[in-house]
Amino acid sequence: MSERLFVKRLTDFSCEYQGPFVTKIHVFDDILSTNAAVHELARKGAGEGTVVIAQTQRKGRGRFDRVWQSPKGGVYLSLLLRPKAPPEKASLLGFVAALAVTYTIRSFNLPARIKWPNDVLVHVKKIAGILLESETDHTHVSYVIVGIGVNLNTDLALLPKDVRMNATSLHKEHGAPIEYEEFLTTFFHQFDRFYQLFIAGCFDQIIDLWKQDNDTLGKNVRVQTTNGVLQGTAVDVDESGFLLLKTHEGKVVRVTSGDCTVIDAS
Ligand code: BTN
């Protein structure tokens, strides 16, 4: 593993989790990006269940090539998956991750909800983001990296103003710091649960669970896509988790990716 990626390895970290999903955890106190590190491991043949966790990231990656600011106090982790599933279902792994994060946050008595596709919010503010990166061809998924950033005990003042305005943390919502290792252990158990459904091909069940916890469907939304802005009512998601948006002209458009903003309840 190159020095460039892994700056310093943590020695005093322990995670209780010994479940079926995680096969190997690499823990670092500082790294460029946990997703980049898992890509490197995957290309070298690392197996499903390989996890990289860091306490800080210097070049954390967000969706649409944005920077994911990663100060101390947050959770930054990436999971390597090699599911034997059709490529068109790979995007549902974002739902799997969002459900796992949502249930984990709820275990701390906080009302987590999901905004399409997989932002996790508490009181309408973003508390966690998920970045999926994959190597697939038309017929086969080589691997999927699920990168998760959670504002756990993050000092929100360290985030840029535009991010801070729409962000919250577990610490802030809970009123006290959250134990890092307890959060991780709970998260891995939750991820196991939902990933088992995915492996078993229970895609409809994953979508149903996502629908129960989402805060997007039925709302009037604006979606910034790479091809421009779409506006309308979020009517449903399809079997890949893509958003079905009914425009004001009455046309239903399938949106595969984008930044969704809820304008109001419609
Ligand atoms: C988003 O834009 O909402 C997704 C953010 C994902 C950030 C996480 S932090 C751990 C992992 N490593 C990265 O470089 N990015 C993801």
Side-chain angles (χ1 to χ4, degrees), residues 1-2 4-7 10 22 25-42 46 50-81 91 93-102 104-105 112-122 124-134 143-154 156 158-160 162-170 180 183-184 187-188 191 214-216 223-226 241 243 257-262:
M1 195 56 59
S2 80
R4 215 165 42 77
L5 281 174
F6 292 159
V7 180
L10 264 189
V22 173
I25 307 184
H26 303 264
V27 185
F28 297 89
D29 67 357
D30 190 30
I31 203 167
L32 288 180
S33 154
T34 57
N35 265 37
V38 173
H39 267 296
E40 192 170 324
L41 289 164
T50 300
V51 177
V52 173
I53 302 176
Q55 300 234 312
T56 56
Q57 297 183 115
R58 295 177 187 201
K59 285 197 175 164
R61 310 210 284 236
R63 295 173 70 226
F64 302 107
D65 288 332
R66 285 187 291 243
V67 172
W68 183 261
Q69 298 291 340
S70 310
K72 212 169 163 53
V75 171
Y76 312 108
L77 67 86
S78 301
L79 313 166
L80 174 59
L81 310 177
S91 47
L93 289 166
F95 282 16
V96 165
L99 285 165
V101 172
T102 298
T104 304
I105 293 174
R113 305 285 297 165
I114 306 170
K115 179 166 72 79
W116 183 86
N118 41 43
D119 280 352
V120 182
L121 313 180
V122 170
V124 202
K125 300 222 163 183
K126 183 157 168 172
I127 203 159
I130 290 161
L131 175 67
L132 286 193
E133 296 179 311
S134 55
Y143 65 84
V144 178
I145 296 170
V146 181
I148 298 168
V150 184
N151 300 329
L152 189 76
N153 297 316
T154 315
L156 298 172
L158 296 176
L159 302 178
D162 57 324
V163 176
R164 186 166 72 226
M165 271 169 19
N166 298 309
T168 191
S169 69
L170 275 90
Y180 185 76
F183 183 91
L184 280 183
F187 168 76
F188 288 134
F191 191 86
N214 95 93
D215 247 356
T216 305
V223 187
Q224 176 74 56
T225 73
T226 42
L243 186 66
S257 79
D259 250 345
C260 179
T261 309
V262 173

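Every number for a ligand or one of its atoms is a count from 1 in the order of the listing. We number each residue from 1, following the sequence as shown. Predicted model only: the values in this text are computed from it and were never measured.
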With no hydrogens and no angle check, do the side chains of E133 and N35 hold a donor and an acceptor under 3.5 Å apart?
yes
Nearest heavy-atom pair of G74 and T154: which atoms, and what distance?
CA-OG1, 3.5 Å
Tell me the closest heavy-atom pair linking S78 and T34, and the distance in Å.
OG-OG1, 2.7 Å
Hey, is K125 close enough to D119 for a salt bridge, meaning N to O under 4.0 Å?
no
Look at the aromatic rings of F191 and F187 and report parallel, tilted or perpendicular, splitting at 30° and 60°.
tilted
Would you please name every residue forming a side chain to side chain contact (heavy atoms under 4.5 Å, CB included) with S91, sequence neighbours left out?
S240, F242
Residue shell around ligand 1, heavy atom under 4.0 angstrom
S33, T34, N35, Q57, G60, R61, G62, R63, W68, Y76, L77, S78, D119, K126, G129, I130, L131, G147, I148, G149
